[in-house]
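Every heavy atom of this structure was used, including side-chain atoms; hydrogens, water molecules and symmetry mates were not. Labels below follow one simple rule: chain letters A, B, ... track the order of the sequence lines, proteins then strands, and each chain is numbered from 1. Keep in mind that what you see is a predicted model, and the values were worked out from it rather than measured.
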There are 2 protein chains.
Amino acid sequence: MDTTDLVYRADCPSRIVLDQIADKWSMMVLEVLREPQRFNAIKRRLDGVTQRVLTQTLRKLERNGMVHRKVLDGRVLGVEYSLTHIVKYLQGPFSILFDWTLGNIEAIQECQRKYDEQDE
Amino acid sequence: MDTTDLVYRADCPSRIVLDQIADKWSMMVLEVLREPQRFNAIKRRLDGVTQRVLTQTLRKLERNGMVHRKVLDGRVLGVEYSLTHIVKYLQGPFSILFDWTLGNIEAIQECQRKYDEQDE
DNA sequence: CGGGATCCAGGATGATACTG
DNA sequence: CAGTATCATCCTGGATCCCG
């Protein structure tokens, strides 16, 4: 281990952050929450996520101060989620990542085909 | 489901890409490989990764055309990994993400403390 | 050096039912 | 609406041993 590689050290606090947000659902939630959304609205947009996993993901992001949870007052229960200010800064990079996946998907799938063909 | 939300649909190819790279080790490998590195060099820099998981991660990235695997000729076995050109475009956003974790770690840990204090 | 093969435990996840 | 609780299952990941 090179001690100058702080971000890669297991005991570096930033690694703990990466452990938290560097997963598929967290990234997609952060992208969806460009606009504040209610629980079921988020769930509907993230095709395939279960309510259990979405709840866990939101709790994790809330714990890390990246998402704000607000109980709406009204006759029926309603909860709105939104991004906190510290995480809004990441929206640019995230958008680039999403755009990149769309722009490179064909090249990637071609690579997958070639890779899978080798000694099938 | 809003059909305009292509990137969030389970059957959208880009989701498959996110499934592949949106995880902790993949992101760190892509960051480490700014400079081409040999297997054990990568392993040493990524504190805590096991050789098995690193191998799997590299294979996955190679399959998706993001990492190039090159067997070096010499008396002993040597393998060098490097980034392919399509993924180099992501280095900017990745660096921002890494810098962000370092810059916001204190605020985040403060949020964690507050969150954990609630009704301990 | 750079892995592959195997075994195994623990955590993540899906399905389902229930609730303030 | 927005969750919690429980259970069965699956899969990841760690540990270990071996190999060209």
Within the pair [X] and [N], is there a side-chain N or O less than 4.0 Å away from OP1 or OP2?
{"X": "B:Arg38", "N": "C:dC1", "value": "no"}
{"X": "A:Tyr81", "N": "D:dG3", "value": "yes"}
{"X": "B:Arg69", "N": "C:dG3", "value": "yes"}
{"X": "A:Arg52", "N": "C:dA15", "value": "no"}

Can you measure [X] atom [atom1] to [N] atom [atom2] for me and round it to whole angstrom units?
{"X": "B:Glu80", "N": "C:dC1", "atom1": "CD", "atom2": "C1'", "value": "14 Å"}
{"X": "A:Asp73", "N": "C:dG20", "atom1": "CG", "atom2": "C1'", "value": "17 Å"}
{"X": "B:Lys60", "N": "C:dG3", "atom1": "NZ", "atom2": "C1'", "value": "18 Å"}
{"X": "B:Leu72", "N": "C:dG2", "atom1": "CG", "atom2": "P", "value": "8 Å"}
{"X": "B:Leu46", "N": "D:dG13", "atom1": "CG", "atom2": "C1'", "value": "16 Å"}
{"X": "A:Arg44", "N": "D:dG3", "atom1": "CZ", "atom2": "P", "value": "14 Å"}
{"X": "A:Gln51", "N": "D:dT6", "atom1": "CD", "atom2": "P", "value": "15 Å"}
{"X": "B:Leu54", "N": "D:dA15", "atom1": "CG", "atom2": "P", "value": "15 Å"}

Out of A:Leu83, A:Thr57, A:Thr84, A:Val87, which one pairs with A:Val67 under the side chain to side chain contact (heavy atoms under 4.5 Å, CB included) rule? A:Leu83

Contact class for [X] vs. all strands (heavy atom < 4.0 Å): base, sugar-phosphate, or nothing?
{"X": "B:Arg75", "answer": "nothing"}
{"X": "A:Val79", "answer": "sugar-phosphate"}
{"X": "B:Val53", "answer": "sugar-phosphate"}

Nearest-nucleotide pick for A:Leu77, side chain only, options being D:dC1, C:dA17, C:dG2: D:dC1

Ignoring the backbone of A:Thr50, work out which of D:dG3, C:dG2, C:dG14 is nearest its side chain. C:dG14

For [Y], does its backbone N or O pair with a side-chain atom of [X] as donor and acceptor, under 3.5 Å?
{"X": "B:Lys43", "Y": "B:Gln51", "answer": "no"}
{"X": "A:Trp25", "Y": "A:Leu58", "answer": "no"}
{"X": "A:Ser26", "Y": "A:Ala22", "answer": "no"}

Check the pair B:Thr55 / B:Phe39 against side chain to side chain contact (heavy atoms under 4.5 Å, CB included), numbers first and verdict last. CA-CA 9 Å; B:Thr55 298; B:Phe39 185 86; 3.5 Å; yes

Taking the nucleotide of DNA chain D with the nearest heavy atom to each, does A:Thr55 or A:Val76 sit closer to the 5' end? A:Val76

